[in-house]
Amino acid sequence: MDRPRTGSGANPGSVPPNPVEARQRATLRRLETFSRLTDSSIGLPFTRFRIGLDAIIGLIPVVGDAAGFVLSAYVLVEAHQVGASRAVKLRILRNMGVDFVGGLLPVVGDAFDAIYKANTRNTRLLRQHLEEQLAVEPPPPPFPWATLIGLTLGIAVVTGGVALAIKS
């Protein structure tokens, strides 16, 4: 007979997931899906090279590049919501700007859009930042010596009082 599972399928005795960490991991999963769609969802026949919707949209002069820039802002919004540092958000903005300006160049810009893959770069950047945050564990709380000593003295007084009451 199968034993009942505890929690959300976790092993008994395991530490429940941290809600902040769970939210960050969910954000990263969404961004990886988004990046794959916009940067590498379409394989070019007879090559190993992949392009995404961003490169296809970028074929429309100016409007396509503006639309790609707006789509790329999604990564920045998600980065802000998970608490990415100012430096990370500035690097994301820089990558978005490089992708936008590079895409504006006639003919060469379309190839640049296909190669630069700003959304993948920005998702990787955010992943590295969040993994560094998760790797830094907060220091453990100090041992509650005062509580231990207080309880010990309290138990000693109660035990002594009970012993005196029994002896009398």
Side-chain angles (χ1 to χ4, degrees), residues 2 4-142:
D2 291 334
R5 296 174 74 130
T6 58
S8 60
N11 292 333
S14 67
V15 178
N18 177 345
V20 173
E21 180 181 349
R23 190 181 83 199
Q24 289 174 343
R25 295 211 185 279
T27 297
L28 287 173
R29 281 192 301 276
R30 283 192 306 271
L31 288 176
E32 285 170 353
T33 301
F34 173 77
S35 295
R36 199 170 23 260
L37 177 68
T38 58
D39 290 341
S40 61
S41 60
I42 303 164
L44 297 179
F46 310 110
T47 70
R48 292 187 198 178
F49 196 73
R50 302 183 71 77
I51 62 172
L53 294 179
D54 187 37
I56 303 295
I57 293 169
L59 292 172
I60 303 168
V62 183
V63 174
D65 295 311
F69 185 79
V70 170
L71 284 172
S72 294
Y74 172 65
V75 179
L76 181 64
V77 168
E78 288 281 11
H80 179 73
Q81 289 179 345
V82 295
S85 69
R86 184 173 190 266
V88 169
K89 290 188 276 188
L90 286 174
R91 288 185 65 191
I92 289 172
L93 275 171
R94 183 194 69 200
N95 287 340
M96 289 170 57
V98 167
D99 186 48
F100 177 70
V101 172
L104 288 176
L105 300 171
V107 182
V108 177
D110 297 324
F112 181 80
D113 266 344
I115 294 169
Y116 191 67
K117 302 182 186 300
N119 296 321
T120 300
R121 288 173 186 261
N122 290 337
T123 298
R124 188 178 327 119
L125 182 66
L126 183 59
R127 171 179 288 291
Q128 289 169 348
H129 173 72
L130 293 178
E131 285 176 352
E132 287 172 9
Q133 273 188 334
L134 294 174
V136 177
E137 293 183 29

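When reading the values below, keep in mind they use all heavy atoms of this one structure, side chains included, and skip hydrogens, waters and symmetry mates. All residue numbers in this chain count up from 1 along the given sequence. All of these numbers come straight from a predicted model, not from anything done at the bench.
Contact check for F112 versus L105: no side-chain heavy atoms found under the 4.5 Å cut-off. L71 has its side chain within reach of I57: a pair of non-hydrogen atoms, C-beta onward, lies under 4.5 Å apart. Using a 4.5 Å cut-off on side-chain heavy atoms (C-beta onward), I92 and L125 make contact. Contact annotation: the side chain of T27 never approaches that of L130 to less than 4.5 Å [non-hydrogen atoms, C-beta and beyond].
When all heavy atoms of I56 and I51 are compared, the pair lying nearest together is CD1-CD1, 3.7 Å. What you find for A84 and L126 is that their closest heavy atoms are CB-CD1, 3.8 Å. Taking all atoms of both residues into account, the shortest heavy-atom contact from Y116 to R121 is O-NE, 2.7 Å. The two atoms that bring D113 and D99 nearest to each other are OD1-OD1, 3.1 Å, heavy atoms only. Of all heavy-atom pairs spanning S35 and N119, the tightest one is OG-O, 3.1 Å. L53 and I42 get closest at one heavy-atom pair: CD2-CD1, 4.5 Å.
The line from CG of L28 to CZ of R124 is 13.0 Å long, rounded to the nearest 0.5 Å. In this structure, the separation between CZ on R23 and CD on Q81 is 8.0 Å, given to the nearest 0.5 Å. Considering CD of Q24 and NE2 of H129, their distance stands at 8.0 Å, rounded to 0.5 Å. Taking CE from M96 and CZ from F100, the interatomic distance works out to 10.0 Å, rounded to the nearest 0.5 Å. Considering OG of S41 and CZ of F34, their distance stands at 11.0 Å, rounded to 0.5 Å. Note: Q128 CD to R91 CZ = 7.5 Å, rounded to the nearest 0.5 Å.
The side-chain contact (heavy atoms from CB on, under 4.5 Å) with D65 is formed by just one residue from the set L104, V101, D54, L59; it is L104.
Judged purely by distance below 3.5 Å, without hydrogens or angles, the side chains of R30 and T33 never pair a donor atom with an acceptor atom.
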